[in-house]
Amino acid sequence: MVDVILGLQWGDEGKGKIVDYFAPGYEMIARFQGGPNAGHTLYVDGKKIVLHQIPSGIFRENKINLIGSGVVLDAVILKKECESVAAFGVDYKKSLFISERTHLILPSHRALDRASETAKGHDKIGSTLKGISPAYMDKTGRNGLRVGDLLDDDFKSKYQSLRKKHQQILDNFSFDEDISQAENEFFEALEFLKSLKIVNGEYFINDAITSGKRILAEGAQGSMLDVDFGTFPFVTSSNTITAGVCSGLGISPQKIKEVIGITKAYCTRVGSGPFPTELHDEMGEMIRKNGNEFGSTTGRPRRCGWIDLVALNFACMINGVTQLVMTKADVLDNIDVLKVCNQYSINGKESMQVPFQMEGKDVKPLYKKFDGWKTDITGIKEYENIPSEMDTYINYINTTLKVPVKYISNGPGTDQLIVAS
Ligand code: GDP
Ligand code: IMO
Ligand code: MG
């Protein structure tokens, strides 16, 4: 069977840490979408590492880590990342597998991302500039190059023909950066990529399921960044939700069992787009500081705000979440009064629904207030030792979302996790 771990907000919920925590219970950890726009942080032997392309099970022994067909892959970033995990003693040649159907991010995709964002000016998406949107556009436009194409003799000519198309678009943007150095690095990295285990991913994973292996699917980004159901157009270009597991790995919905949704105890967003509970005051600043809320991929400050149960309820619905993990609870340790958004006021009317679009509407969060716990919770191991105010806060989330918070993360360390039931 396949269990899924994914983010329910706008990304950076702590997926890396939670996947690493759960990985020992599985034989395979598989990324199903996204690319190096992801930055998943985990701690190995007390040292911080941020993974962008490699699944977060890579540090656990005897695991298969699969980069699935729904991912877009930057070979240059992958090569560097393999070198960094090798420094921790990881034998990636043994434990890392890549699907033939995975689409490649080309240097010209990155250039197109930069050109497109620059042209958007004030309306920019706030993309990570990793070439994600152009690479997925080439996939749906049926132009993209896949990992399996690398093994064909005519790869170079296919590359040149796509590169030419990209140049025409870049010329339209009047974009004249020289990307020849990046192209050299790209071709060097492709040779490295060819030396890795490239597999027919769908047979690979379905055979594993048939033989009784337990699979953990690792999401990137978050549900509110989903291309279909997020705050469009301020979203990423893939399906970040449970449905993306099926299309990104080639498995049937019947194979999916637990859907573990991660939410922070508050909320953050990086990049542009609506964020109803965003705090523009000292409280927002304090959460950013206490939570060290700076992007793992880009270093940009993350926008911070209160937890939003309207958006979370929507995310639980579209994902079929069966259990919740609440991360970064310790970041709220010294706040007097906590607020939880349980309704929106949209143009003066109360609503429990995420609207089709928030721009141009007056969307205000309505809050219920809770006493803060004002206790250092970072050393707590058992649920029975959590402060009563925290128990009240969590129970309110359980009842409103009708999905149980089963784990509470109380610090960045892998062992800082409280099991609620
Ligand atoms: P991901 O993209 O969902 O994997 O999340 P990121 O790694 O981008 O961001 C989460 C950040 O919060 C990382 O710096 C983690 O080390 C850190 N983190 C994860 N869980 C906790 C927690 O419970 N408490 C605190 N204080 N930090 C956490
Ligand atoms: P992880 O997996 C947070 C955001 C970008 C931007 C929008 C589109 O670490 O949670 P893209 O580069 O995908 O075209 O950017 O999506 N974004 C993320 N925000 N965490 C991420 O990944 C993100 N990946 C993309 O900031 O607003
Ligand atoms: Mg991240």
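Whatever order the structure lists them in is the order used to number ligands and atoms, beginning at 1.
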Is any N or O atom of Thr128, backbone or side chain, closer than 3.5 Å to an N or O atom of ligand 2?
yes

Using non-hydrogen atoms of the residue, decide whether Arg300 is closer than 4.0 angstrom to ligand 2.
yes

Close-contact set for ligand 2 against Trp10 heavy atoms, below 4.0 Å:
3 (C), 19 (N)

Nearest-contact summary for atom 3 (C) of ligand 2 - protein heavy atom, Å
Asp12 OD2, 3.2 Å

Would you call Arg60 and Asp20 a salt bridge, using N to O less than 4.0 angstrom?
yes

When you measure from the heavy atoms of Gly291 to every atom of ligand 1, does any distance fall below 4.0 Å?
no

Per-atom contacts, ligand 1 versus Lys17 - under 4.0 Å to a heavy atom:
20 (N)

Backbone or side chain, does any N or O of Ser237 fall under 3.5 Å from an N or O of ligand 2?
no

Of all the atoms in ligand 2, which lie at a distance below 4.0 Å from a heavy atom belonging to Gly11?
3 (C), 10 (O), 20 (N)

I want to know whether Phe187 and Tyr159 have ring centres closer than 6.0 Å.
yes

If you have a sec, work out which protein heavy atom is nearest atom 13 (O) of ligand 2 and how many Å separate them, to one decimal?
Thr236 OG1, 2.6 Å

Judged by heavy atoms only, the candidate from Leu6, Val235, Asp113 nearest atom 8 (C) of ligand 2 is Val235

Side chains of Thr327 and Glu13: is there a donor and an acceptor less than 3.5 Å apart?
no

Does only the side chain of Ser409 get under 4.0 Å from ligand 1, or the backbone, or both, or neither? Count heavy atoms.
both

Is the backbone N or O of Ile377 less than 3.5 Å from a side-chain atom of Thr375, with the two atoms forming a donor-acceptor pair by type?
no

Before signing off on this row, confirm whether Lys48 and ligand 1 have an N or O atom pair separated by under 3.5 Å.
no

Run the salt bridge (Lys or Arg N to Asp or Glu O under 4.0 Å) check on Arg303 and Glu293 step by step: do they pass?
CA-CA 8 Å; Arg303 300 156 61 193; Glu293 293 295 357; over 6 Å; no

Can you measure from OH (Tyr136) to OG (Ser238) and round to the nearest 0.5 angstrom?
4.0 Å

From Ala38, does some N, O or S atom reach closer than 2.8 Å to the Mg ion (ligand 3)?
no

Donor-acceptor under 3.5 Å (Glu117 side chain, Gly126 main chain):
yes

For the 3.5 Å polar cut-off, considering only N or O atoms, please tell me whether Gly14 and ligand 1 meet it.
yes

Protein heavy atom at shortest distance from atom 25 (C) of ligand 2:
Gln221 CG, 3.7 Å

Under 4.0 Å from any heavy atom of Lys15, which atoms of ligand 2 are there?
1 (P), 2 (O), 10 (O)

What protein heavy atom sits nearest atom 24 (N) of ligand 1, and how far away is it?
Asp330 OD1, 2.8 Å

Counting heavy atoms only, which part of His40 comes closer than 4.0 Å to ligand 1: side chain, backbone, both or neither?
both

Check whether any N or O atom of Tyr43, backbone or side chain, sits under 3.5 Å from an N or O atom of ligand 1, and answer yes or no.
no

Considering only non-hydrogen protein atoms, determine which one is nearest to atom 12 (O) of ligand 1 and report residue, atom name and distance to 0.1 Å.
Lys328 NZ, 2.9 Å

Can you pull out the closest protein heavy atom to atom 6 (C) of ligand 2? Residue, atom name and distance to 0.1 Å, please.
Gly126 O, 3.2 Å

Using a cut-off of 6.0 Å, state whether more than 12 heavy atoms not belonging to Lys158 lie near its atom NZ.
yes

For ligand 1, does Asn410 get within less than 4.0 Å through its side chain, its backbone, both, or neither, judged by non-hydrogen atoms?
backbone

Say you draw a straight line from NZ of Lys339 to CH2 of Trp306; how long is it, rounded to the nearest 0.5 Å?
7.0 Å

Look at Asp12 together with Arg302 and state whether they make a salt bridge at an N to O cut-off of under 4.0 Å.
yes

Under 3.5 Å between some N or O of ligand 1 and some N or O of Gly39?
yes

From the list Leu196, Val199, Leu104, side-chain contact (heavy atoms from CB on, under 4.5 Å) partner of Val147 resolves to Leu104

When the aromatic ring centroids of Tyr407 and Phe22 are compared, is their separation below 6.0 Å?
yes

When distances are taken from atom 15 (O) of ligand 2, the protein heavy atom at minimum range is Ser127 CA, 3.4 Å

Test: Glu202 and Arg101 ion pair at under 4.0 Å
yes

Judged on heavy-atom distance to atom 13 (C) of ligand 1, which of Asn292, Asp20, Ile408, Thr41 sits nearest?
Thr41

Which atoms of ligand 1 have any heavy atom of Ser296 under 4.0 Å away?
6 (P), 7 (O), 8 (O), 9 (O)

Does the cation-pi check pass for Lys17 over Tyr43, that is, NZ or CZ under 6.0 Å from the six-membered ring centre and within 45° of its axis?
no

So which of the N, O or S atoms of Asp12 lies nearest the Mg ion (ligand 3)?
OD1

Are Arg146 and Glu100 close enough for a salt bridge, meaning some N to O gap below 4.0 Å?
no

Can you spot which of Thr263, Asn319, Thr242 makes a side-chain hydrogen bond (donor to acceptor under 3.5 Å, both in side chains) with Ser223?
Asn319

Ligand 2 N/O within reach of Gly39 N/O, cut-off under 3.5 Å:
yes

Atom indices of ligand 2, in the order listed, that fall short of 4.0 Å to a heavy atom of Ile125:
6 (C), 8 (C), 27 (O)

Select the closest option to atom 9 (O) of ligand 1 among Arg302, Glu293, Lys15, Glu13, judged by heavy-atom distance.
Arg302

Name the closest protein heavy atom to atom 18 (C) of ligand 2, giving the residue it belongs to and the distance to 0.1 Å.
Leu225 CD1, 3.7 Å

What about Thr327: any of its N or O atoms under 3.5 Å from an N or O on ligand 1?
no

What is the nearest protein non-hydrogen atom to atom 10 (C) of ligand 1, stated with its residue, atom name and distance?
Asp12 O, 3.8 Å

Where ligand 2 meets Ala38 - atom numbers and elements under 4.0 angstrom, heavy-atom basis:
1 (P), 2 (O), 9 (O), 22 (O)

Check whether the ring centres of Phe234 and Phe275 lie less than 6.0 Å apart, and answer yes or no.
no

Do Lys94 and Tyr92 form a cation-pi contact, if we require the NZ or CZ to be under 6.0 Å from the six-membered ring centre and within 45 degrees of the ring's axis?
no

Closest to atom 27 (O) of ligand 2 among protein heavy atoms sits Val270 O, 3.2 Å

Is it the case that ligand 2 has an N or O less than 3.5 angstrom from some N or O of Ser133?
no

Taking only heavy atoms of Ala220 into account, list the atoms of ligand 2 that are under 4.0 Å away from them.
2 (O)

Examine Tyr393 together with Trp373 and report whether their ring centres are nearer than 6.0 Å.
yes

So, does Thr298 use its side chain to make a donor-acceptor pair with the main chain of Gly295 at under 3.5 Å?
no

From the options Ile29, Leu6, Ile5, select the one residue that forms a side-chain contact (heavy atoms from CB on, under 4.5 Å) with Glu218.
Ile29

Which atoms of ligand 1 sit under 4.0 Å from any heavy atom of Gly16?
4 (O)

